[in-house]
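I have placed the structure first, in the form of C-alpha cells, so that the comments after it can refer back to it.
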Amino acid sequence: MFNTSHIEISRSAYKSNIRYLKKIIGKEARLSSVIKGNAYGHGVENILPLGEEAGIDHFSVFSANEALDAFKVKKPETRLMIMGHIEDPELEWAVDNEVEFYVFDMGRLEKAIEVAKRTGKKAHIHIEAETGFHRTGFEYEKLPELVQFLKANHDHCVFEGLCTHYAGAESLANYLRVKNQITLYRKFYRYFMRHELFPRYRHTAGSAAALTYPNTIMDMVRFGIAQYGFWPSPETQMFRFKKESVPDHSLKRTLSWKSRVMVVKEVEAGQFVGYGSSYLANKRIRIAVIPVGYSNGFSRSLSNTGRVLIRGRRVPVIGTVTMNTMTVNVSDVPGVEKGDEVVMIGSQKRMSISIASFCEMSNQLNYQLLTRIPADIPRVIVN
Ligand SMILES: *Cc1c(COP(=O)(O)O)cnc(C)c1O
C-alpha cells in the first residue's frame with residue numbers, strides 16, 4: 001500500500017450517524033454536511049459520496065479550493081456552500097458554477113453582483129449576520145445599506161440563506177452568550193422580513209447547537225464533527241445522554257487508524273529506550289517498534305503516555321515518539337511478532353481506543369487531532 005499506516009472509514013457507522021442526526025433535526029430541516037479540513041481528516045473524496053448515498057444534497061466547506069475538491073467528486077445536482085474565504089477570481093468560478101457562498105461584507109456582495117451581471121448567472125448568496133462570534137458577518141447597523149443594495153439587484157442573486165455561527169454552544173458556561181446570539185439573529189431576520197426579503201434557508205446551528213439548543217435548528221443545520229461520530233464536547237454528550245433512553249449507541253465512530261509492528265526485540269534492565277532518558281527499563285522488557293510518529297499525525301506529546309492496541313491488548317507507548325516511529329512495551333502480551341496489526345484509533349477484539357481518550361491524553365480537541373492526520377495516509381471504506 002506504500003504507506004506505514006492506513007485509515008478505515010466505516011460506511012455503516014457513517015450512515016447510522018446520519019440517521020440519528022436526521023431524527024434529531026426532524027423532517028423539515030435540511031442537513032448540510034460540513035466537509036472542511038479534508039472532511040475532518042476523513043477525505044472529501046470518501047465522505048462526499050457516502051453522504052450522497054445517505055441522501056445528503058448539501059455540503060459546506062471553508063474556502064474555494066476546498067469547494068473545488070468537492071466539486072470534482074459531487075453529483076451535478078448536489079449543492080456546495082463556501083462559508084469562508086474566496087479570492088476574487090475564485091468568486092467568478094463560484095458564480096459560474098452555481099456554488100453558494102457566504103457574504104459578510106459589501107465588497108464581496110458588489111463583486112458577486114458584478115460577476116452575475118457580466119455572466120448572466122445568478123449569485124447564490126448566504127448573508128451572514130454578526131451576532132457575537134466576532135469573526136465574520138454583517139453588523140446590524142449595516143442592514144439599511146445591505147437591504148437597499150439587495151433590492152436593487154434582486155434579479156442577479158438568489159437569497160439562499162440568512163445565517164450566523166454560535167460562539168461556544170458546546171459548553172453550558174456560554175449559555176447567556178448563545179441566548180443573546182439567538183435573540184440578535186431573530187432581530188436580523190425580522191428586519192429582512194419587514195423589507196420583504198425572504199431567505200430560502202435560515203441556518204445557524206453546527207453540531208453543538210443543534211444537539212443542545214433545539215430552537216437553533218431552523219431550516220437547515222450545518223453538521224460537522226457529529227456526522228463523523230464524535231461529540232463536540234463531553235457536555236454535549238452528557239446532555240443527549242440525559243435526554244435519550246438508549247443514548248450510548250447514538251453516534252458511532254467512523255474512523256479507525258491502523259499500522260503494523262515493524263520490529264520486536266528485548267531490552268535489558270537498566271537501559272533507556274528512545275531519545276534522551278525519559279524511559280528507563282527497570283527490568284528486562286520486550287518492545288515493539290511501530291512505523292508511525294509525529295510526522296504521521298501521532299502527537300509527540302503522547303510520548304510515555306499514549307496507548308495502542310496489539311493482539312487485543314492495550315499497550316503503552318514508552319520513550320519519546322519520534323518523527324517516524326513510536327515504541328511500545330509488549331512484555332505482557334504473548335507472541336507479538338513483526339507484522340501484527342496495531343490500532344492507534346479504533347477497535348481490536350473487544351478492546352477499543354476512542355479518539356476522545358486519545359485526545360485527553362494528548363490534550364487535543366477531537367477536531368484538531370482528526371484534521372492533523374496527514375492527507376497522504378491511504379483511506380479505505382469498509383462496512
Ligand atoms: C465548522 C463549522 C461548522 C460545523 O461545526 P461542527 O462543530 O463541526 O459541527 C458549522 N458552521 C460553520 C460556520 C463552521 O465554520
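Numbering of ligands and ligand atoms starts at 1, following listing order. Hydrogens, waters and symmetry mates play no part in the numbers below; they use all other heavy atoms, side chains included.
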Spatial distance of atom CD1 (I373) from atom CD1 (I7) [nearest 0.5 Å]: 4.5 Å
I'd like to know if the side chain of H58 pairs up with that of R222 as donor and acceptor (distance under 3.5 Å, no hydrogens or angles considered). no
Can you confirm whether P199 sits close enough to Y189 that some side-chain heavy atom of one is under 4.5 Å from a side-chain heavy atom of the other? yes
The single option from F159, F138, Y185, Y140 passing ring pair (Phe, Tyr, Trp, His ring centres under 6.0 Å) against F192: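 In the set F159, F138, Y185, Y140, the residue that makes a ring pair (Phe, Tyr, Trp, His ring centres under 6.0 Å) with F192 is F159.
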Dump the pairs for me: ligand 1 N or O, protein N or O, distance under 3.5 Å, to 0.1 Å.
| residue | atom | partner | partner atom | Å |
| --- | --- | --- | --- | --- |
| ligand 1 | 7 (O) | Y367 | OH | 2.8 |
| ligand 1 | 8 (O) | Y40 | OH | 2.6 |
| ligand 1 | 8 (O) | I225 | N | 2.8 |
| ligand 1 | 9 (O) | S207 | N | 2.9 |
| ligand 1 | 9 (O) | S207 | OG | 2.5 |
| ligand 1 | 9 (O) | G224 | N | 2.9 |
| ligand 1 | 11 (N) | H165 | ND1 | 3.4 |
| ligand 1 | 11 (N) | R222 | NE | 2.8 |
| ligand 1 | 11 (N) | R222 | NH2 | 3.3 |
| ligand 1 | 15 (O) | K36 | NZ | 2.7 |

N/O donor-acceptor pair under 3.5 Å between R30 side chain and M220 backbone: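 Here the side-chain-to-backbone pair does not exist.
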Ring of Y228, cation from R253 - is the NZ or CZ under 6.0 Å from the centre and inside 45° of the axis? no
